[in-house]
Amino acid sequence: MSSKTKFYSLIAIGLILAIGLGFIAGQSRVAPRTAPCNIPPTIERDTVWLTDTVLIPEPKEISSKLAGEVEAVLPIATDSTSTDSARVTVPIERKVYADSNYRAVVEDYRPSLVSLEIYQPKEVITVTKTQSRLIKPKIVVGPSLTIGYDPLRGQVSPVIGISVTVPLIVK
């Protein structure tokens, strides 16, 4: 085995040892990511009001007023075998039915629903609790094997020592 081969083998073994020992030393100093912190949680509240349908079995009439008149042809029964008809003026009445939960407007002659409003409040509250964590950069101290320039000897040589590593990017 030549001296060059021994030199590169020692560098490779030293590099593997330094990486392994650095990893082991760094893992013992790493705090778990779920560690509690002293930052108080922030709570956000969001309230949504929804309306739902309501069944009213007997609506309460609030007001009734004359909305107009219509002329209609209505049948008149004269006897059991024949019928006749007559022109009649029929009043159109507008009625308002209301309660705390609804309001309906109905017109009478040939009844039709003019408008219907249903008020059934339903409260939905969403509470979101978030907690921030302060993650400090991890400083790792461990053995290292590097290659450096030795200005006293004027050559490049391997260096065995202790290194201090600080990450530049913290997730």
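Numbers for residues simply follow the sequence, beginning at 1.
- Rounding to the nearest 0.5 Å places CD1 of Ile118 at 13.0 Å from CZ of Arg103.
- Partner of Ser64 under the side-chain hydrogen bond (donor to acceptor under 3.5 Å, both in side chains) criterion, chosen from Lys95, Arg94, Glu93: Glu93.
- One hydrophobic cluster, built from ILVMFWY side chains closer than 4.5 Å, holds both Val164 and Ile162.
- Hydrophobic clustering, with ILVMFWY side chains joined whenever heavy atoms are under 4.5 angstrom apart, groups Val106 together with Leu116.
- Looking only at side-chain heavy atoms (C-beta outward), Val156 and Ile147 come within less than 4.5 Å of each other.
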Test side chain to side chain donor-acceptor pair (under 3.5 Å) applied to Glu69 and Thr89, step by step
CA-CA 7 Å; Glu69 294 178 339; Thr89 302; 5.3 Å; no
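- When every heavy atom of Ala104 is checked against every heavy atom of Leu113, the shortest pair comes out as CB-CD1, 4.3 Å.
- Rounded to the nearest 0.5 Å, atoms OG1 (Thr146) and CD1 (Ile11) are 10.0 Å apart.
- Around CG of Leu17, the count of heavy atoms belonging to other residues, nucleotides or ligands within 6.0 Å exceeds 12.
- No more than 12 heavy atoms of other residues, nucleotides or ligands shown are found within 6.0 angstrom of CD1 on Ile160.
- Clustering ILVMFWY residues whenever any of their side-chain heavy atoms sit less than 4.5 angstrom apart, transitively, puts Leu145 in a cluster other than the one holding Ile13.
- For the atom pair Ser85 OG and Leu74 CG, the distance stands at 8.5 Å (nearest 0.5 Å).
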